[in-house]
Amino acid sequence: MQDRLESIESNLMARLVSTDRVVQKELEPRSLILRGGSLGLPEYFPDVAEVFFREGEYRLRVLPAEVTTKVNGLPVSASSREGVPLTAGATIEIGGMIHLRYEETEPQERVAPSDSVVPPPLPMPRFDLFCKFAQAVGVQIDLEEGLDIALPALLHLFPHAGRAAIYLQTRPDDATWLAQPRFYRRSEDAPRPGAFSRRLASRLLDDPSCSVIHFRERDDEPGLARIDSLESSIMLAARIVPKTGESAPSLRGIVSLDSVGLHGSRPFTPEDLRIIEAAAALLGGFLQRVAFHRTAAELALAREIQKSLLPPRIPPIAGYEIVARFEPAAQVSGDFYDFQPHANGAYFLLGDVSGKSFPAALVMAQIVSTFRAHLGAGAGPAAALAAVDRELASYRALMYATAVLADISAGGPTTFYLYGHLAPYQRKDGVWRLLKVPPAALPLGLGREMDTGPIAGFSVDLGHGDALLFYSDGLTEAHGPAGDFFGTRLDSVLAGLRTEPAPLADALRAAVLEHSKGTLADDLTLVLITRNA
């Protein structure tokens, strides 16, 4: 969008000429829709192709249409938003029936960026125009494309307005959004909109009873001086919020119309107020869809990255069979587990980060990567976790993680260390019981005392068929419709399960999901270590 608002550094002029009928169209630095063989004003439902000016040259891109478009005999892909450059003498073929030739004409006086200038309103009833606006905006999920449609459409809806602008806050911490509008102008003489008054923005966005503000004179609102010179102009402004309400400040925005640069303007009417309020509501729905699709894509990518941090396979350890089950409550998780082999077995780490969603996932990734890096540099597992502890404690935001660290060695006892984490269950001689052991240290991120000396561990001798079950609190705190925790029935569930490791882990996971009716309130991680020799 920015390149469409910058000054055009070329004075190139050109035209399209039909080679099979008497049709000629002079090109100005603005988008031109080619539809059905005709050349005319842009509409909200472009059919075939678009010629536009960018970086000193005209380019052609294909719009979604079941018509083949060729430039110099070569098909143009609809997947490219950048389009194909047009050079003097280039031929354009549309659907095998329409043939155009691109011609460059004599340079004329340099013009301002006029792709931000909208043509005169279409000769169409206002209600029909609003329906087209609603339909066009209603199918958009891309922010740039949606604004490219919405802004000129607003000027079609309001022929007595000289400019349409949207002041959009796309991040909660963005303090500059009031000064950076997206805009369209009806005349090249109209200046670019300036910063919107913070006081007026606050009035629009923070007062539930105020959704539209109508200015008739500059003196009505002293804050209007922050916008630009509007001594004799009028302005209409409305807030844009998602349909879900005010709960997502990152989606807030303001849409405004004014008569700057337009001669013979008339005041806005009560009907105009109703229309801009309805248009702002439609734009709020559009922003909601943009945020949803953007968040969904980001979450999907984060999920894939997080899955890649989990060990692709559990290293084999003589005398043991180990299985793990991981069930995130959302697309990204704060739970984690890891296995790092050593000369006689492997170090095992399982943990649960405080909080949920992206922050917890980021901390989870940091813990796993730091733990692996320090082990790879020759540090022992406790020293690696001490480094994790120091790093988390340095964060400004209070983030911590409970964890269990275990050393699983062939032919020896399993020794584990608890950092504020839940004690494991042990199966001994076929009977499951919760081990009564206190945490060895505070959770990671809170316990700087790990630098002061060794941390006490707990050793368990496992005989043939014995097992240890390590887990996150997504197991014990999974609750049913009545609010009852799965932990209250865990002993009886374990007693009724089979002894084979994989079927046992699968059955336990299934029991948790069945108890919670398929909706986990927290991430669930299980690691079952069974002695089979």
Side-chain angles (χ1 to χ4, degrees), residues 1-21 23-65 67-119 142-152 155 180 182-190 192:
M1 187 68 178
Q2 185 60 35
D3 59 345
R4 295 191 176 192
L5 302 180
E6 293 175 351
S7 297
I8 294 175
E9 299 300 333
S10 169
N11 56 4
L12 175 67
M13 298 297 293
R15 62 185 177 183
L16 292 177
V17 178
S18 173
T19 58
D20 53 8
R21 57 175 57 83
V23 176
Q24 178 172 305
K25 180 68 178 179
E26 298 295 331
L27 291 176
E28 300 175 3
R30 69 174 59 153
S31 294
L32 173 69
I33 302 302
L34 309 182
R35 57 186 189 281
S38 66
L39 304 177
L41 298 175
E43 288 187 352
Y44 308 132
F45 297 104
D47 291 335
V48 182
E50 177 184 21
V51 175
F52 62 99
F53 190 89
R54 176 175 292 173
E55 298 178 355
E57 65 181 357
Y58 283 102
R59 306 176 74 89
L60 179 141
R61 63 181 164 206
V62 175
L63 300 168
V67 177
T68 300
T69 300
K70 298 180 180 180
V71 173
N72 294 330
L74 299 177
V76 180
S77 172
S79 63
S80 173
R81 294 190 60 189
E82 297 301 318
V84 176
L86 296 177
T87 57
T91 59
I92 303 171
E93 179 182 326
I94 300 175
M97 300 176 61
I98 309 302
H99 300 83
L100 303 170
R101 183 175 67 253
Y102 170 80
E103 295 181 352
E104 295 182 357
T105 60
E106 289 298 320
Q108 299 181 15
E109 184 178 353
R110 182 183 175 195
V111 295
S114 57
D115 72 337
S116 65
V117 178
V118 74
D142 180 87
L143 182 62
E144 300 293 338
E145 291 182 2
L147 293 178
D148 282 348
I149 289 174
L151 283 164
L155 285 189
Q180 296 179 345
R182 315 292 184 94
F183 71 96
Y184 265 71
R185 305 169 295 177
R186 194 177 301 281
S187 167
E188 295 175 5
D189 298 330
R192 294 176 57 156

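Along the sequence shown, residues are numbered consecutively beginning with 1.
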Value rounded to 0.5 Å, distance of CD in E93 from CG in L74: 11.0 Å
Which pair of non-hydrogen atoms, one from F183 and one from L151, has the smallest distance, and what is that distance? N-CD1, 3.7 Å
Any idea which heavy atoms bring L155 and R185 closest together, and the distance? CD1-C, 3.9 Å
Quick one: closest heavy-atom pair of E57 and P85, and the distance? OE1-CB, 3.7 Å
For V84, all residues meeting side-chain contact (heavy atoms from CB on, under 4.5 Å), sequence neighbours excluded: V71, V76
Check G73 against T91 and note the closest heavy-atom contact, atom names and distance. N-OG1, 4.4 Å
Who passes side-chain contact (heavy atoms from CB on, under 4.5 Å) against P75, sequence neighbours left out? K70
Tell me every residue that passes side-chain hydrogen bond (donor to acceptor under 3.5 Å, both in side chains) with S77, counting only those two or more places apart in sequence or in another chain. S79
Going from CG on N72 to OG1 on T87, what distance comes out if it is rounded to the nearest 0.5 angstrom? 6.0 Å
